[in-house]
There are 2 protein chains.
Amino acid sequence: MQVTRRTPHIHQLSSGIQEVLLSRDTIRSAHIRPSLPTPRTQLSQAGRCAAQQRDLTINQLDSGRDNRERVVVLGSGWAGYTVARQLDPRKYQAVVVSPRSYFAFTPLLASTSVGTLEFRTALEPVRSRRTKVNFFQGWADAVDFENKTVTIEEAVDDSSQGLARTTYRHAGETSAQRAEEKKEQAKKGRLFNLTYDKLVISVGCYSQTFNTPGVRENAYFLKDVGDARKIRNRMLACFEAAALPTTTDEMRKILLNFAVVGGGPTGIEFSAELHDIISEDLAKLYPELIKFHKVTVYDVAPKILPMFDDNLAKYAMNTFKREGIHIKTSHHVQELRKGFPQGVDAPPQHDVFTLKIKEEGDVGVGMVVWSTGLMQNPFVAQALNGVPHLPDSGMRVLKGGDQEASQVNWVVKKDAKTGSVITDDRLRLKVEAEGEGQNKIEAVLTEVFALGDCAILEGTAYPATAQVASQKADWLAKRLNKGDFDKAGFTWKNLGVMAYIGNWKALLQGGGGGAWNNISGRAAWIVWRGAYLTKSVSLRNKLLIPTYWLINWLFGRDINRF
Amino acid sequence: MQVTRRTPHIHQLSSGIQEVLLSRDTIRSAHIRPSLPTPRTQLSQAGRCAAQQRDLTINQLDSGRDNRERVVVLGSGWAGYTVARQLDPRKYQAVVVSPRSYFAFTPLLASTSVGTLEFRTALEPVRSRRTKVNFFQGWADAVDFENKTVTIEEAVDDSSQGLARTTYRHAGETSAQRAEEKKEQAKKGRLFNLTYDKLVISVGCYSQTFNTPGVRENAYFLKDVGDARKIRNRMLACFEAAALPTTTDEMRKILLNFAVVGGGPTGIEFSAELHDIISEDLAKLYPELIKFHKVTVYDVAPKILPMFDDNLAKYAMNTFKREGIHIKTSHHVQELRKGFPQGVDAPPQHDVFTLKIKEEGDVGVGMVVWSTGLMQNPFVAQALNGVPHLPDSGMRVLKGGDQEASQVNWVVKKDAKTGSVITDDRLRLKVEAEGEGQNKIEAVLTEVFALGDCAILEGTAYPATAQVASQKADWLAKRLNKGDFDKAGFTWKNLGVMAYIGNWKALLQGGGGGAWNNISGRAAWIVWRGAYLTKSVSLRNKLLIPTYWLINWLFGRDINRF
């Protein structure tokens, strides 16, 4: 494999070095430096001392750079992790910044949430012996496009690592409070700056709750491995609580009533996996309880699995019906609260929840798994807004409009509906003139890329899926490695959709669109397992996944809770 | 295999049924009934209603009894789990009551705490398809020997499940407060009674902290799988925090300073496993940090591994020295607190700890793993004390002394030094007359057995190890199954001791006592691995354990934290 080596534009990339926030004599390295959100003139003496003290660097990161461009990748999901590990280490120093230290192979999370697979088989660490990817565990907090700097809030001790996020971590703080807090964090070394030559924004999305009261606090999500772990422990605890001699049958019905909100692939696959562990394993371990259990999928839409053809969605509906999983479409969840439904006169023996459904009233449940899609990442709204000064280099005006580029108040271009950032077909971040108007001046930042669920390729309606994210990542890494951005833009190749529907059956819809492309049942299940085994990243997991499939088929799923 | 079937003594076992705490009309089942700690005359109307409501039973447990004796086993460790799963289900209905729903194969916990093995490979669920063992997740709270009833506090939602315990869960409550709380718990169905025909007390011990200030709150223990999980996450977090660009070298030295307190097998094996993951895996993933790390074992005694011969202990010392693990014997830990040692002028960037050593002063550490032996289980002190009335049946007076059996205030006989209960050589619980004196009347409860770390066989000094506990359990299950208690008493067969000392080396000391029985190094390591693989309980784990040994040898240990 021949890769053309280009001399990195070090001369142009270091243009921001003079523009440091701290006085130069405190700076030992311009590439990683403590971030203080206030202009240097406002720096108190105490702040200055603290800043000096915190002004540190990983010498290895700079000295190991060896004339390579630094590509800072924000996020370690399908987009970010895939780009970072594919970058040619001879050309680029890849630095991943993410609040979690691993990549989660999301299609297997539903399996891990019931123990069909172990949690770790769905994880790949960002740090690895094979890839030369550097990693800092932290949240991107701000981006300075002019100085090519990202401000990072470290997140090593974040106890919510691995859990779906539903709110901005600094929600509730005013901007003045946040600025004050940033000053404190910088003093403590919890905030630092990292310069980049190229930036990849792939921060992903949060879980959507539509602000339904109580959902954020009481629902179980299924977006990351910590969520899967919580679900597994909770589901098993519901059975164990139901098995206590003091638990009434009425309470058992509530504890073992599992609701899934959202009829997309995640909700459907989780329901299927839940049904599997109950019918294959828990029925044998808790034979006296099995009559009390119930699994119900609620969706606000009139059908489930909207991305599948009608006949496949119907096949899934019928399979679920036969297996006793209830599907309630056109149902509206209004609230999820702790405690019993009104009218249940029971002592507070166990934690249970009440789901308020517009069409049904109060329903007592043991667990609600919530999967109603994506909410825009607050980083996009908080950090990617106005661009006071565009960089001199790494910017290209696309259409002149009526304005002079230097006179324009630039803002990051966003999708009006989703709030996602917009890229051109080279996945480069678009900026535009602030304000309303049709014929606005537009530009691209040629060294800032955005992909994954937080970004939309302008003019496309590609779905927010792992498939699109990883194809974009593959494309971007290839272009960066070859330096041939002029060749052709990115286009998504629809490889179809798959969903596991339980009892060793799956749905499979080819990307071509023809009906002959669709398979369902056992054959589709074999393809489903084969595909995910093939796609799983490391050889380690390629060996462990079939091992667990076999072991759990032979001996049943592990029911230990800890 | 022929097993003689005996008719269970149902007639004598049901003697306690009339003595229920609640009026009979509220009792649907005498075998599992709600417990109220107050005499029935004090029951308020509200309490009575709640009691009625909570007066439930698992019909399956009673109806599935089929004339078999019920053996209630308290605890699911080496003693309890082993007895329960070996009881002949044709003769006995085994019911395990334990605050955790699994058995932990403790010799592998150190391996799981660094990821040499996965957590679940050291666990076996009490509920299993193969054994017919019944299980309630709860704490034994009180025992009524006369009515053959155990009061159980349910523990399904106990968030400390899987963590070493250092204090009584109701510590700080006065007995009046606890009595009031028990009334509340009974109303809520969180407290219930379970009758037994035979009782096995195998509740184990807690972790000893010697009340050293701050240890309970800040140390990491290694007694259960939740502890192993905490250690694994913390150790990896220390490296990740040290890798941040704002972390000073001084801070790195503290974060990566790991202290182990206690030079027994657990402390030594953990140090060895920690050294392994650092030198084999983390050195490759964090090459720039490896110079900062340090592992130190502190012990108050002048030597480590006191159960090993001097030459083996010395071999371990020398091996550790060569590998850079520091052993500090005759050192006294006085305190463990959060924060920096005095004199370190650093911002509170990361959580660190300060260990105060009498001989060294303050030492900044990233983690302290505490393993200084066992503390008596508070259940023994709280629940096994005076015995107001001994049962009419199931009691045998051993020596008459000067007193008349019916005139005696009986108490459970305990070891003065450790507070353990005392058994005869049939593992039957001993009771004696209250008060001082040499020639006291003694008796055994012939249907109450005690084994594991909470019990001492009178006149022996068997160590509190898994080996003794499981041998006692094997012996007891065999006697119960065969009904041949008269045959011979229990004697421990010392099978020797083993310890892993890192870098594919182990110590092995035969039980015979001859020096030719001792092996150290690689050969001992092979025996060590073989022995634990053979002893691991389920076929599932017998397959998974070597799989992980192989996978982790090929690809390195998994470093994902969640």
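Please read all numbers here as calculations on a predicted model, not as lab measurements. Letters go in sequence order (proteins before strands), and every chain restarts at 1.
Neither the backbone nor the side chain of A:Leu236 comes within contact range of chain B; no heavy atoms are under 4.5 Å apart. At a 4.5 Å heavy-atom cutoff, the contact between B:Phe135 and chain A is made by backbone and side-chain atoms alike. For a residue to count as touching a neighbouring chain, one of its non-hydrogen atoms must lie under 4.5 Å from one of that chain's; by this rule A:Arg229 touches chain B with the side chain only. If you measure heavy-atom distances from B:Leu163 to chain A, you find no contacts under 4.5 Å at all. Within the 4.5 angstrom heavy-atom criterion, only side-chain atoms of B:Glu118, from C-beta onward, approach chain A. Looking at A:Asp558, both its backbone and its side chain come within 4.5 Å of chain B, counting heavy atoms on both sides.
If you tally non-hydrogen atom pairs under 4.5 Å between each of B:Gly556, B:Ser538, B:Gly226, B:Cys238 and chain A, the highest count goes to B:Gly556. Of the listed residues (B:Asn233, B:Asp281, B:Leu285, B:Asn134), the one with the most heavy-atom contacts under 4.5 Å to chain A is B:Leu285.
Counting heavy atoms from C-beta outward, B:Asn552 and A:Arg540 have side chains that approach closer than 4.5 Å. Here the side chains of A:Arg127 and B:Tyr286 are in contact, with some heavy-atom distance below 4.5 Å. Side chains of A:Glu240 and B:Phe136 form no contact here, defined as non-hydrogen atoms less than 4.5 Å apart. Looking at B:Asp157 and A:His350, their side chains come closer than 4.5 Å, going by heavy atoms from C-beta outward. Proximity of A:Thr547 to B:Leu544: side-chain heavy atoms (C-beta onward) are separated by under 4.5 Å at one or more points.
Environment of NZ in A:Lys542: crowded, with over 12 heavy atoms of neighbouring residues, nucleotides or ligands closer than 6.0 Å.
Within the model, atoms OG1 of A:Thr246 and CG of B:Leu191 stand 9.0 Å from one another, a figure rounded to the nearest 0.5 Å. A:Gln349 CD to B:Arg190 CZ: the interatomic distance, rounded to the nearest 0.5 Å, is 7.5 Å. Rounding to the nearest 0.5 angstrom, the gap separating the CG atom in A:Leu554 from the CG atom in B:Leu539 is 8.0 Å.
For B:Phe562, the ring pair (Phe, Tyr, Trp, His ring centres under 6.0 Å) test picks out A:Phe119, with sequence neighbours left out. By the salt bridge (Lys or Arg N to Asp or Glu O under 4.0 Å) test, A:Asp227 is found to be paired with no residue, residues two or more places apart in sequence or in another chain being considered.
B:Asn560 and A:Arg100 form no side-chain donor-acceptor contact under 3.5 Å, judged by distance and modelled atom types alone.
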Verdict with reasoning, B:Leu244 to A:Phe192, per side-chain contact (heavy atoms from CB on, under 4.5 Å): CA-CA 9 Å; B:Leu244 288 171; A:Phe192 60 94; 4.1 Å; yes
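Put simply, the side chain of A:Arg561 never gets that close to the backbone of B:Ser101: no donor and acceptor are under 3.5 Å apart.
B:Val156 and A:Ala237 get closest at one heavy-atom pair: CG1-O, 3.4 Å.
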